[in-house]
Colleague: 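The structure under discussion is supplied below as structure tokens; questions concerning it will follow.
In what follows, every chain begins at residue 1, and chains take the letters A, B, ... in the order their sequences are listed.
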Amino acid sequence: MTTSLDILEGLNLPQQEAVQTTNGPLLIIAGPGSGKTRVITHRIAYLIRVCGVNPHQIAAVTFTNKAAREMRDRLQFMVTRDSDSLTVGTFHSFCAAMLRRNGNFLGLKSNYSIYDSDDQLNLIKRSLELSELDPKSHPPRAVQSVISKAKSSMVDALGLSQRAETYFEESCARVYYHYEELLAQNNAVDFDDLLMKGVQLLQGSEEVRDRYRNQYKYLMVDEFQDTNTSQYLLTKLLTGEAQNICVVGDPDQSIYSWRNADIRNILSFQQDYPSTKTIALEQNYRSTSTILEAAKSLISSNGMRLRKDLFTENDAGDPITVHEAYDEQEEAGFVISKIKDLRNKQSFKLGECAVMYRINAQSRALEEACIQQGIQYRLVGGVRFYQRREIKDLMGYMHLIHNPQDEVNLTRVINVPPRGIGAKSLKDFINWCRNNKISLYEGIQRTYESKISGSQDTPAISNRAVSSIGNFGEIIQSLVTLSHRVPITELIDQVLEQSGLRQSIQNSDDNPTERWENIRELKETAREFDSETPPDGLSSFLERLALVAEVDSYEDSEDSITLITLHQAKGLEFPVVFIVGMEEGLLPHSRSMENELELEEERRLCYVGFTRAERRLYLLRAFRRGFMGSSGPTMASRFLREIPSSLVTSESRQLTSDQPKISSHIKRSEAEQLKPQAPRIALGTGDEVRHSIFGEGVVLECRQTNEDHEVTIQFSSEVGLKRLLLSFAPLEKVSH
DNA sequence: TCCTCATAACTTTTT
DNA sequence: GTTATGAGGA
């Protein structure tokens, strides 16, 4: 047994209090960089080592697998041998395991498939057909989002049709109904189902509920601000009478409302558990005070907030650098050469630098700049690994072998690589199966058998197709048999060989090496998995792959920079952070600019970005940006204006080249002089102006924005057309 | 049946 | 600058 002193050492008072509050409901409001993960892990260690709680009785639910793994690693260090019996995982993986064991209550066989959003979309398109609705007037993606929203709030098809207010919602309810039917037929669930069915299981079976409640005496939920209704209900159902539930969150970092997360869960928590003790962690240990002040100032523009007073004892550090580039190429070029500078002159490691952006498409210019300047980079996300064609194909076979009822994957792979079963044959074959009231898999097996016995009981399609289907059936059958005996790695090899995938990938003319490399990477994952050898190999392998996010496989590396979306960056921290694309329409994104709530979420997203930075923060924008092929002028993000100018220095783009430097101090004081809401100089269309860097030009347009004026100027120098904010731009009127 | 080429219609963010 | 779809030819 350890004394509590060891565990409390190095924690500040509120942190200590959070660790020691072990009984009853506890809400921890944790600002960025406030040592949240530390508190959670120490609290678990405290429970085990000081209170003597059996680790088997503790569950910690996180948002990503990476967070889960990190927590497990830290705990391994603190509670050594006991850490294995702790339950640490995401909501989705927790539910997946629960359904695997108890799914039969809901008519789910334990070998069910988990469909990702591509599979889901596929099935929704088929449900649209069954509902006799036109996909043109019912975009599958829109339907998908309605259904997902319904599931997240525990509404079934009937419920949706009852509360439908528009024709579109009514149609969605119809599609939803067919969609559910198809999922059941395929013995499959989607991501939302994992949560919804988890709740249904606990609601529907007292026995199961009591079993889990008896096991988990202590429950902790991280990133609570990002939970949706079904996740919230799940925590409520799991909490036994003792109500030893601890949730940790920060409403200011809620960035997943589009995935139906609901910040109001934090308020509901206080209402549902009236004896809740609330502790705020307000001291930031991560960032310089300059960065923290900027972040605080930014987020204070949001209307909907819980009061919080962040502070830090860290130094002021360097001012935040705002750089305005001409276009995205120059923006990327500036970032990368700046990073080189930081490495060469200030001994930062490349691994300490991250570039963050709003949308994945922005990574392109950055990647190109990295390649051009010879800087190693690590791209998180982008075209996701598990969505690559060769991976999806291989995994399609794996899913089919594990769950032959899975017709989405069956139809996906039956003609991959091409083996003469075209769209027409497949359609006729499916109809033949439906008419005979057998599943596709049974149909395939029957075709295979009749091929051997020479029976004529086959679908009315070409002999070639019949024979191909028969062969396919034989391959799958033998792989199914094999799957019970051999490790995953070997199964993968056999699938690649027998299906002909290996040949087809290696002989393909588009990127055979890269595609085969991806397959090898997947095999490597399988190899690692095999070495851990869980009893139920294929099941857990498929489950794990279905539930991993790209950020999960992210690992620190000393010698490459990180390119990452702002969303994925949550929970990470870097000494140096660049945020590119600080423009209206991008950050905040154009899709969220009409709605005040969504706009506030964009601001929170920006806040998350700022607070990832420990020592240096660079904010960039481009005057022109590529927009689906063509390019157009941009406006500076309103968020730039929400940072006190005293914290900012702007570097002109010339600083990167060899031209004489302009002292940033002079520039800053200029900006301060120009800051007053009423611009110092009045400009109108046609006025001639002089800019201290760009030279002389003519005003083409002058528009009032919130508290500022935006002027569009045609410069006579090579910089051409620019849009500038009057309060920031060093402009003078030229009089004749 | 399969491949190639043209076109249209998008691209937020992801467990 | 992408990716999903469709027509037409081998």
Colleague: Quick one: list whatever passes ring-ring contact (aromatic ring centres under 6.0 Å, His included) with A:H567, sequence neighbours left out.
Modeller: A:Y256, A:W258

Colleague: Taking atom CD of A:E367 as the centre, does the number of heavy atoms from other residues, nucleotides or ligands within less than 6.0 Å exceed 12?
Modeller: yes

Colleague: Of all the choices, B:dT1, B:dT15, B:dC3, which nucleotide is nearest to the side chain of A:K424 once you look at every atom?
Modeller: B:dT1

Colleague: Counting only side-chain nitrogens and oxygens, does A:K427 get under 4.0 Å of the OP1 or OP2 atom of B:dT1?
Modeller: no

Colleague: Taking atom C1' of B:dT11 as reference, at what distance in whole Å does atom CD of A:Q362 sit?
Modeller: 11 Å

Colleague: Counting side-chain heavy atoms from CB outward, which of B:dT14, B:dT15, B:dT1 is closest to A:T90?
Modeller: B:dT15

Colleague: State which of B:dT14, C:dT5, B:dT1 makes the closest approach to the side chain of A:K125.
Modeller: C:dT5

Colleague: Separation of A:N122 atom CG from C:dT3 atom C1', in whole Å?
Modeller: 16 Å

Colleague: Less than 5.5 Å between centroids and less than 30° between ring planes, does A:Y256 satisfy that with B:dT13?
Modeller: no

Colleague: Please work out if A:D116 contacts a base, only the sugar-phosphate, or nothing of the nucleic acid, heavy-atom cut-off 4.0 Å.
Modeller: nothing

Colleague: CZ/A:F639 to CG/A:L599 distance, rounded to the nearest 0.5 angstrom?
Modeller: 5.0 Å

Colleague: So if I take every side-chain heavy atom of A:A361 and compare against B:dT13, B:dT11, B:dT15, which nucleotide ends up nearest?
Modeller: B:dT11

Colleague: If you assign each of A:I421 and A:R259 to its closest nucleotide in DNA chain B, which residue comes earlier from the 5' end?
Modeller: A:I421

Colleague: Could you identify which residues of residues 587-601 of chain A place a heavy atom less than 4.0 Å from some atom of DNA chain B, listed by residue number, or say none?
Modeller: A:H589, A:R591

Colleague: Report which part of the nucleic acid A:R419 touches: base, sugar-phosphate, or nothing (heavy-atom distance under 4.0 Å, all strands).
Modeller: sugar-phosphate

Colleague: Roughly how many Å apart are C:dG6 and B:dT11, using the C1' atom of each and rounding to a whole number?
Modeller: 22 Å

Colleague: According to ring-ring contact (aromatic ring centres under 6.0 Å, His included), who are the partners of A:F269, at least two apart in sequence or on a separate chain?
Modeller: A:F224, A:Y273

Colleague: May I ask you to say what A:K570 touches in the nucleic acid, namely base, sugar-phosphate or nothing, with a heavy-atom cut-off under 4.0 Å?
Modeller: nothing

Colleague: Quickly work out the A:D118 CG to C:dT3 P distance and round it to whole Å.
Modeller: 12 Å

Colleague: Show every salt bridge (charged side-chain N to carboxylate O under 4.0 Å, His left out) that has at least one partner inside residues 225-235 of chain A, sequence neighbours left out.
Modeller: A:D226-A:K570

Colleague: From C-beta outward on A:R364, which listed nucleotide comes closest to its side chain: B:dT1, B:dT13, C:dT2?
Modeller: C:dT2

Colleague: Round to a whole Å and report the spacing from CD1 of A:I414 to P of B:dC2.
Modeller: 12 Å

Colleague: If I take atom CG in residue A:L194 and atom C1' in nucleotide B:dT15, what distance separates them, rounded to the nearest angstrom?
Modeller: 9 Å

Colleague: Taking only side-chain nitrogens and oxygens of A:N415, does any of them come within less than 4.0 Å of OP1 or OP2 of B:dC2?
Modeller: yes

Colleague: Below the 4.0 Å mark, does B:dT14 have OP1 or OP2 next to a side-chain nitrogen or oxygen of A:N360?
Modeller: yes

Colleague: Name the nucleic acid region contacted by A:F63, choosing base, sugar-phosphate or nothing; use a 4.0 angstrom heavy-atom cut-off, strictly under.
Modeller: sugar-phosphate

Colleague: Between A:Q568 and B:dT14, does any side-chain N or O lie under 4.0 Å from OP1 or OP2?
Modeller: yes

Colleague: ring-ring contact (aromatic ring centres under 6.0 Å, His included) with A:Y216: which residues, sequence neighbours excluded?
Modeller: A:F94

Colleague: Within the side chain of A:D192, is there an N or O that forms a donor-acceptor pair under 3.5 Å with the backbone of A:S152?
Modeller: no

Colleague: Return all side-chain donor-acceptor pairs below 3.5 angstrom for residues 124-134 of chain A, not counting sequence neighbours, or 'none' if the list is empty.
Modeller:
from	atom 1	to	atom 2	distance (Å)
A:S127	OG	A:L123	O	2.7
A:S131	OG	A:S127	O	2.6
A:D134	OD1	A:K136	N	3.0

Colleague: Of the candidate nucleotides B:dT15, B:dT11, B:dT14, which contains the atom at the shortest distance from the side chain of A:R141?
Modeller: B:dT11

Colleague: Please determine whether a side-chain nitrogen or oxygen atom of A:S117 lies at a distance below 4.0 Å from atom OP1 or OP2 of B:dT14.
Modeller: no

Colleague: Atom CG of A:L121 and atom P of C:dT3: how far apart are they, to the nearest Å?
Modeller: 16 Å

